[in-house]
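Treat the numbers as computed from the prediction; the structure is a model and nothing was measured. Letters A, B, ... are given to chains in the order of the sequence lines, protein chains preceding strands, and every chain is numbered from 1.
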Amino acid sequence: MKAFMSLFFGDRLADRAVPPTGVAARLTVFVAAAMSFLAIFALAMSLTAGRVASSWADDLARSATLRLPADIDQTNEALRAALNVLQTTSGVASARVLEAEEQRALLAPWFGPDIPVETLPVPQLIEILPDDDGYDAAGLRARLQAEVPGAMLDDHGAWREPLMQAAQRLRVTGWSVLALIGAVMAAMITLAAHASLAANAQVIRVLRLVGARDAYIAGAFVRRFTLRAGLGALIGVVVGVIVLQVMPQANVAGGMDMDFGFVGIEWIWSLAIPVLAAIVAFAATRYAALRRLKEQT
Amino acid sequence: MIELDNISYGYGGTTLFSGVSLKLAPGSFHFLTGPSGAGKTTLLRLCYADLRASVGQVRLFGQDAATLSRDDVAIIRRRIGVVHQDTQFLDHLSIAENIALPLTVADRLTEAQDNLAQLLSWVSLGAQAGQTPPELSGGERQRAALARAVIMSPDVVIADEPTGNVDWEMSQRLLALLVELNRMGKTILIATHDIAMIRSMKSDVQARVLRLKGGQLIQAGSEL
């Protein structure tokens, strides 16, 4: 904690003991900026995937569809029987017959907007909304089988599960990529710190000769790398956020929005990236510096 | 203060010196002489724990140097001012900042405000305070190194060929400063191969002259 606090209260001359220039310093800013830029997208992917999974789960779990066979002569009779079954089934809050206009909208992506659904053998759809307790799907299927032969109850489970799994995998992948970015940044900053320590061997020797402790010498390097990584990460995040803002947003067929990026309070996460980058740089540089100083004894 | 007890030092299978004993009492003044390559600088480095003896014991202010941690060594070095032959400065800092460096690393920078001007004046470098080490002459750098060595008010000042790169007049000025420090109670150890310089100082200070030759440390004799 003391070492971390010294980041903000280190004295100016102590910082100046290490020459301010060098490839390692510029490399640190660049690596932190590049990694933070990538981290913004990994984070956006992860959060978007989580949001989409949740949205799909909610949307699909909230309703079921009953499909009646496309036999025009029998549809009205079957419709009445089906509605009767549904209205007397415990756990079904409402059952609504989809209007021709709604059916047309569902088919529009494949057949265009002017399809005459009234004259075509299109199955009739009934939207079922369960109440809070839900209904017994197996029992309802059995009753429908007996009273409305050919009716198909679709609770969306067949394709809801794979979609949710895919979204979940995407979310895990996003977090894994973030962890990998953090590890790569730590490795790169460690290498840069080693290079800087090697380039400043004479500075370290002089500081030791005048009585500097390892923690003091390490501190001068740690402050420099931490602040540069924080600055680089801030640059990367700002650029990443700008790119996210100008990216076109996707709208998945069926009315499910998939806004790639941050929504509402999720923006807080983008602010965390420079802080996390600085923490990674602090830990990596301190480890590298103390190890190197020990080796140089 | 600093005691070397029957020490040996060698590297790569070669023994540089062996059976060397030396005791620097408070307020004493020592010259260490000997031919180039005899191990004078090595012996000095053992005195401020920059090297560890292969055999024997080095005691610094009563502590066995072999048992000191790196932090302990750092603290010990604040009590030993060292003037190097090659001065060892940070070239990107001003000469004033270089002189204040021991106070900076000891977190006593506020003391520099009082001491620095006085010290710069003592070594006649007031006008050069803002210049960087490469901008100074060899003599100015040596005087700055001496100022840095004493800014912590150390108990011991060790100087390795402090007059090696300066003319006769400047060497006399530097030695006069070291004698002045000795009169203030500081223990002084100077390594030099310049016998004439030692002779010139005999009337100013009561110094013990030691000679490192053939791997042995002996009391210097009639050549002085």
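- Counted within 6.0 Å of CD on B/E135, heavy atoms from surrounding residues, nucleotides or ligands total more than 12; the atom is thus considered enclosed.
- Minimum interatomic distance between A/A212 and B/A74 (heavy atoms only, all atoms of both residues): O-CB, 3.6 Å.
- Shortest non-hydrogen contact noted between B/Q88 and A/L209 is CD-CD1, 4.2 Å.
- Counting heavy atoms from C-beta on, the side chains of A/R205 and B/D50 come closer than 4.5 Å.
- Of the residues considered (B/M152, B/H92, B/R77), B/H92 shows the highest number of contacts with chain A, using heavy-atom pairs under 4.5 Å.
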Inset, instruction - Go through A/V210 and B/R148 one step at a time and tell me if the side chain to side chain contact (heavy atoms under 4.5 Å, CB included) criterion holds. - result: CA-CA 8 Å; A/V210 298; B/R148 187 182 64 184; 3.9 Å; yes

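- Around CH2 of A/W269, the count of heavy atoms belonging to other residues, nucleotides or ligands within 6.0 Å does not exceed 12.
- Heavy atoms of A/V206 lying under 4.5 Å from chain B belong exclusively to its side chain.
- The minimum heavy-atom distance linking A/V203 with B/L90 is given by the pair CA-CD2, 3.6 Å.
- A 6.0 Å sphere centred on CZ of A/R291 holds no more than 12 heavy atoms belonging to other residues, nucleotides or ligands.
- Checked against A/R213 for a side chain to side chain contact (heavy atoms under 4.5 Å, CB included), the options B/D107, B/V105, B/V73, B/I75 give a single hit: B/I75.
- Heavy-atom proximity under 4.5 angstrom to chain A picks out B/R45, B/Y48 from residues 37-48 of chain B.
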